[in-house]
Amino acid sequence: MPSAAREYQPVPTLKAQLVAEFLGTFMLTFTVGCNVLLKSAVWGGISIACMLMVAVYGLAGISGAHFNPAVSISLATCRSLGGHGIQLKTAAMYTVVQLLAALAAAGCYTMLCHRHFDLAPAPGFGLWQAGLCEFLYTFMLCFVVLSMPLAANDGPNDFFGLAVGFVMIAGIYGAGAVSGGFFNPAISLGIDAWGDDHGFGWCLMYGIFHVLGGVAAAFVFKVVRNEAFGGLRGGMIAELTSEFIGTYMLVLTLGLNVMGKSPAGAFSVGAALMCMLYALGGVSGGNFNPAITLAVLVSGRSPRGAARKTVIQAGWAVAAQLLGGVLAALTYSAVYLGGSFRLGPGSSGTAGTDAIMGVEFVFTFVLCYVFLAVTLSETTGSPAMCGLAVGSCITVGGVAASSISGGVLNPAAALGIASAHRFAEFGVYSSIVYSVTQLLAGVAAASVFKVTHKVDVETKVEY
């Protein structure tokens, strides 16, 4: 019968799944190698992210599109905890195929380019610094992958490939200056096996941090998405953990990009926000910014199917965001052995307080207004594109305001930057100026939103 035919969904064979994992991992590793050897500093991270993204869209329906032993192990761990995922036996087979594919790809780019490169921390950094960066962004990657099936319950999730791929933009430009930014035991093995300047062995140490990041992602995922494990959805702990994690990864990415003098810092930070909003928007709303939380509170709206936050709940969310921002700033400072940067103008260094307040107000207003429009409005809401839209606001403001204010646009980031710099160079004053300006922008955005989007709440009258 036609209805029965529609319900039938053929399952790919194990052979097809393993071939898909080999193909995806091979192409991803080959892309990494070519970009590194050709020294694509500006576009390399984007190239790698796009390769992962298109491979996910092309092969997710066949094998799940892991292309990474840490992802496979994370999904197996999640299943062992009672959630969705894959069996340990399947994860083991996937891992073997991924490792073989990476070895083959590394051999191909080495022979074709007649060059190789080595796996090791960047000059000036040690194992623990590189390992910490690899752990954190492998955690982020695996966490986003784990979250995608649940995001489908929150609304259409055609964004899943975009969300997974763009984790690489956040991580490569942020952590690349420290560890190389690989976040994948298979890629690490391929690079290490075909490089010889530092000897073989770094892949084993990197791989430990990758696997730990994947396992940690499964445990944290259980905290924020308890419904995937047979429990109740939501709750204060889940929401606060969500806001903490999202803000932490956002501010960490910002700090690492600045400290590493990234050529694509604003884009990297925007990508981090986009990925975490897609992963956690269905848990806490995905604010990760006190100005946005205040804007949502003033707007009087709430995401579809969620209760409106009270002032007390919003206050707890802001506290989690501020804590996440401060701890993230201390993390990037520790990675750079106590290094930090001041909260203030970027490259020009000459902007006055009025200019700083002006650009921070304007671009924080844009960020908050777009967030409200694409996440809360029945008329302009876009579940599939909300993460890209909101993340792009960071790219817009980060580039346009970088030489004037730094393009911070977030009180949690402002407090974190100032605290990591030990509130030197008028840090207390600067953090207050930035934060007050950004919060006022959030209130202004909510006020304008209530006017422009009044149609959402108007009673429809039929004539």
Side-chain angles (χ1 to χ4, degrees), residues 17-37 44-45 48-49 51-52 55 59 63-77 86 88 90-113 115-122 125-128 130-139 141-142 145 167-168 171-172 175-176 178-215 217:
Q17 293 174 21
L18 296 179
V19 170
E21 284 299 306
F22 185 95
L23 176 62
T25 309
F26 182 96
M27 294 310 300
L28 180 60
T29 306
F30 189 80
T31 303
V32 170
C34 289
N35 274 286
V36 173
L37 289 174
I48 295 166
M51 182 67 252
L52 178 56
L59 295 168
S63 67
H66 300 179
F67 316 141
N68 186 331
V71 171
S72 298
I73 291 170
S74 184
L75 283 161
T77 303
I86 60 175
L88 185 59
T90 304
M93 289 187 288
Y94 273 28
T95 296
V96 171
V97 169
Q98 292 156 358
L99 294 174
L100 292 174
L103 286 169
C108 286
Y109 72 64
T110 299
M111 290 184 286
L112 290 173
C113 297
R115 286 181 289 166
H116 68 269
F117 61 98
D118 293 290
L119 180 73
F125 297 99
L127 173 61
W128 77 264
L132 180 59
C133 289
E134 292 290 316
F135 169 86
L136 289 169
Y137 284 100
T138 305
F139 167 90
L141 174 63
C142 294
V145 171
V167 172
M168 302 304 290
I172 290 173
V178 178
S179 66
F182 302 110
F183 325 129
N184 188 324
I187 293 176
S188 297
L189 174 64
I191 295 170
D192 207 17
W194 285 89
D196 57 11
D197 290 349
H198 292 87
F200 182 82
W202 277 105
C203 66
L204 302 177
M205 291 176 277
Y206 269 55
I208 291 172
F209 288 102
H210 295 151
V211 171
L212 289 175
V215 172

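All values derive from a computational prediction rather than experimental measurement.
- Expressed to the nearest 0.5 Å, how far CG of Asn184 lies from SG of Cys203 amounts to 12.0 Å.
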Full working for side-chain contact (heavy atoms from CB on, under 4.5 Å) between Tyr109 and Ile191: CA-CA 10 Å; Tyr109 72 64; Ile191 295 170; 3.6 Å; yes
Leu189 and Phe200: CA distance, side-chain angles, deciding distance, side-chain contact (heavy atoms from CB on, under 4.5 Å) verdict: CA-CA 9 Å; Leu189 174 64; Phe200 182 82; 3.9 Å; yes
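- Shown here for Val211 and Ile73, the closest heavy-atom pair between the two residues is CG2-CD1, 3.9 Å.
- Taking both residues in full, the closest heavy atoms of Trp202 and Ala120 are given as NE1-CB, 4.0 Å, listed atom of the first, atom of the second, then distance.
- For Thr77, the side-chain hydrogen bond (donor to acceptor under 3.5 Å, both in side chains) criterion is met by no residue, not counting sequence neighbours.
- Under the 4.5 Å side-chain criterion, counting only non-hydrogen atoms from C-beta, Ile187 is in contact with Leu28.
- Separation of atoms OG1 (Thr90) and CD (Glu21) is listed at 11.0 Å; rounding is to 0.5 Å.
- Of the residues listed (Phe139, Tyr206, Tyr137, Phe67), the one engaging Phe183 in a ring pair (Phe, Tyr, Trp, His ring centres under 6.0 Å) is Tyr137, and it is the only one.
- Atom OG1 of residue Thr95 and atom CG of residue Leu88 lie 9.0 Å apart, to the nearest 0.5 angstrom.
- With hydrogens and angles disregarded, a donor-acceptor distance shorter than 3.5 Å links the side chain of Asp192 to the backbone of Gly201.
- The aromatic ring centroids of Phe209 and Phe182 lie 6.0 Å or more from each other.
- Across all their heavy atoms, Ala106 and Thr29 have their closest contact at N-CG2, 4.3 Å.
- Residues Ala55 and Ala65 approach most closely at O-CB, 4.4 Å, considering heavy atoms.
- Put simply, OG1 on Thr138 and CG on Asn68 are 7.0 Å apart, with the number rounded to the nearest 0.5 Å.
- Note that the CD1 atom of Ile172 and the CD1 atom of Ile48 stand 4.0 Å from one another [nearest 0.5 Å].
- Ser74 places a side-chain N or O within donor-acceptor distance of the main-chain N or O of Gly214, the cut-off being under 3.5 Å.
- Trp194 places none of its side-chain heavy atoms less than 4.5 Å from the side chain of Leu119.
- Remark: Tyr94 engages His66 in a ring pair (Phe, Tyr, Trp, His ring centres under 6.0 Å) (not counting sequence neighbours).
- Here the side chains of Met93 and Val96 are not in contact, with every heavy-atom distance at 4.5 Å or above.
- When all heavy atoms of Leu99 and Pro69 are compared, the closest pair comes out as CD2-CG, 4.3 Å.
- Scanning both residues, His210 and Ala70, for their nearest heavy atoms gives O-CB, 3.6 Å.
- Separating the CG atom in Leu136 from the CG atom in Leu132 is a distance of 4.5 Å, to the nearest 0.5 Å.
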